[in-house]
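Labels below follow one simple rule: chain letters A, B, ... track the order of the sequence lines, proteins then strands, and each chain is numbered from 1.
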Amino acid sequence: MMEITVKVMGPLIKITGESTVLMNMPEESTVRDLLEALFRRFGEDLKQEVLNEEGTDLAPYYKVLINGRNTKLMNYLETKLKNGQIVHVMPPIAGG
Amino acid sequence: MFGGYTGTWLEINLTEGTVEKKQLDEQMVKDFVGGGGFSAKILWDETDHNTDPLGEENPLILMTGPMTGTLAPTGNSWYVGFRSPTTGIYGEGRGGGYFGSELKYAGYDYVVIRGKSPKPVYLHIHNDDVSLKDAGHLWGQDFFETTHTLEKDHPKSKILGIGPAGENLVKSAIVMSDLYRAGGRGGAGAVMGSKNLKAVAVYGSKDVKVADPEGFKEVLKEVNNLIYQHPATGQLLPEYGTASLVNGMNAFGALPTRNHKSGTFEGAENISGEKMAETILTKTRGCFACNIKCTRYTQVKDGEYAGVESEGPEYETVNAFGSRCGVDNLEAIAMANMNANRLGLDTISAGTLMAFAMELYEEGILSKEECNGLDLKFGNHQAMNTLLQDLAHRKGLGDILAEGVREAAKKIGKGSEKYAMHVKGLELTATELRAAQDSGLGHAVANRGGDHLRPWSPAFTLFGFGNEEMNLSGTPDPIIPDDKARVVNEMEKTAIFTDLNGMCKFTVLCNTLAPSHLAKLHETITGIPMDAKQLKTTVERVLTLQRALNLYRYKMSPEEDTLPDRFLKDPAPSGPAEGKTLELPIMLKEYYEQAGWDEKGYPLAEKYEALGLGFVKDRM
Ligand code: SF4
């Protein structure tokens, strides 16, 4: 098993109840597997917030980062995770 | 006269105590629009490297733009232009609130303030009545007190002015308006203080006319819809303000921490927008004609900092007094924010100065005694708040820091230069540049020095806000230099155009509005033909003149388009950019090429000609 530290922010904290969540995932798990596991643990509300209306992709401007890198620069949701990584599930954020 | 302009400006000579009303020059309007365009031309005509920034000969130019005071979204900006005492080059700044619109309603597009008053005065403007009044009773007051005093004497007036930092010629002193609005990084407040001008109180009851009211209404409908529908301007900024960036920037390893040593802060959650919403946030607010309303109002109800209340702190300030100083106490940051507003200090530069001093203390370069007896280690928020007061009042170490981080490092010596985070003398801002290479380029080429707003490109490169018209799409890789010159070049067009017109940059920061929308707003308001292409030429003209001003009038070397070695030589110690440095030369080369400059960074002679800046050639 791998231990993945998931960090959420903004409106997601209200759903998960905490900003840092530890997840144990089987070896070879992908980002998609991790998201599904999170949805199983925290329910439909999280899924509706994070995925688009069709449930096929992340909602617009949502991002998943692995160790600070946007997974879109890797294999996106099919990127394989490694033990000890930090995964951010990031809602749209603006400022400057 | 064109729509959007009043057609009149004020020339104030403080040495003589005179006030003159003058007609707006139509060619200036067509060529330079307003804001930093006008300022650059006036400074080009009147100043050079012999101009003492704190001498009588440095004009302080208080500008607006054609959209200030109209119903254009966020049409509320005032600007200051000056030769910066901090950097020695072009200085400018923007503030929002209500002051800018009021100046237009009083009948003036801008005010040029010259000379030096023999005693403290303030400028009072009530429509056609314009006079200088004694400010002896205001001198020494903080900006909140000054505002309340002047509001009593001149009800309904909007107040702009300086705090003790400006009076004391502190180089990070800023000009404030409407209690909490600030503009003029690079010492605009010190320039105002050097003139013995404490404040401007303005009240007006005239209109700002729009050239094509029907057309304007149509465009307004379109742009307001875009603003409401865009996630950044329609939902995120109104709901969360800018401080939600703290967690986001930290995730990307882009949150400057402990004087920019790294980009990840272990205490980020404690100073995040989420935490603020849970604890000290009491209400949200907006400037005149703003349909975004990003402003937070905070109050500390109990504990060590009970009683603190102010607008803000926004992201830049949270970072400056927070992670950059290793401070994870939001209430202490709120205190520093409120006091910076009262003292009239630029929170960004003040935070950089505190962080610089903290690193020198931890490195053993400054002793406790040299730090005014403070145990100035990173994270000591009480010491930080004390040193902030000392900075504004030039006490001990504060007096050294008051010269700006570049000069302070020179004075302290002992290798402290390498800890001075600035570009061209202006202190750095709230982006860890190795984790967002584009922002490194933006900071390096900004005409006023270390500036994050020309443009705030991480909105695209980190947070993914693209724009089809601007050819910004897909997911750029923020830690490599590829294509970043084009991104900066593209985004600076809209950023600077808002700054010429009187809009707040938040309408374009996340690429909500594109050049075509801004052009239509400009055209219907002023009646001057404008399309996306002409907009780009106009911005290029202004930026090129500001560049020429720096190069030829102020003798800046283009080699100053650089960044501290911390970014160029020290690999990032953590985060996604771990092991990487900033690849500035590659980006600079591309940026110069795209701008029509030679490989050293000098605009080509034909570029000046093509932009209608032929007059620059005589001075090259
Ligand atoms: S977006 Fe914020 S800073 Fe800009 S005008 Fe609106 S309230 Fe003021």
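With respect to Ile93(A), the side chain to side chain contact (heavy atoms under 4.5 Å, CB included) criterion is satisfied by exactly one of Phe463(B), Tyr240(B), Phe465(B), Phe252(B): Phe463(B).
Interatomic distance, CG of Leu245(B) versus CE of Met9(A), reported as 10.5 Å (0.5 Å rounding).
Interface with chain B: from residues 28-37 of chain A, no residue qualifies, criterion being any non-hydrogen pair under 4.5 Å. Residues from residues 43-58 of chain A never place a non-hydrogen atom less than 4.5 Å from a non-hydrogen atom of chain B. Contacts of residues 228-237 of chain B with chain A at a heavy-atom distance below 4.5 Å involve His230(B), Pro231(B), Ala232(B), Leu236(B), Leu237(B), listed in sequence order.
When heavy atoms are compared at a cutoff of 4.5 Å, Pro11(A) approaches chain B by way of both its backbone and its side chain. For chain A, the nearby part of Leu509(B) is the side chain; its heavy atoms alone come within less than 4.5 Å. The part of Pro476(B) that comes within reach of chain A is its backbone (N, CA, C, O), which places non-hydrogen atoms under 4.5 angstrom from that chain. Interface residue Met90(A): only side-chain heavy atoms are found under 4.5 Å from chain B.
Heavy atoms of other residues, nucleotides or ligands lying less than 6.0 angstrom from CD of Glu468(B) number 12 at most. More than 12 heavy atoms of other residues, nucleotides or ligands lie within 6.0 Å of NZ in Lys293(B), so this atom counts as buried by the packing criterion.
Your options are Glu269(B), Glu316(B), Glu239(B), and the one with the most heavy-atom pairs under 4.5 Å with chain A is Glu269(B). Comparing Ile13(A), Leu65(A), Ile86(A) by how many heavy-atom pairs each has under 4.5 Å with chain B, the most go to Leu65(A). Put simply, of Ala277(B), Ala251(B), Gly464(B), Ala435(B), the one with the most heavy-atom pairs under 4.5 Å next to chain A is Ala251(B).
Under the rule for a side-chain contact (heavy atoms from CB on, under 4.5 Å), the partners of Asp346(B) that lie at least two apart in sequence or sit in another chain are Ile174(B), Arg185(B), Ile348(B), Ser349(B).
Taking every heavy atom of both residues into account, Ala94(A) and Ser244(B) meet most closely at O-OG, 3.9 Å.
A 4.5 Å side-chain heavy-atom check between Ile479(B) and Arg69(A) finds at least one atom pair inside the cut-off. Side-chain contact check for Pro91(A) versus Asn247(B): every heavy-atom pair is 4.5 Å or farther apart.
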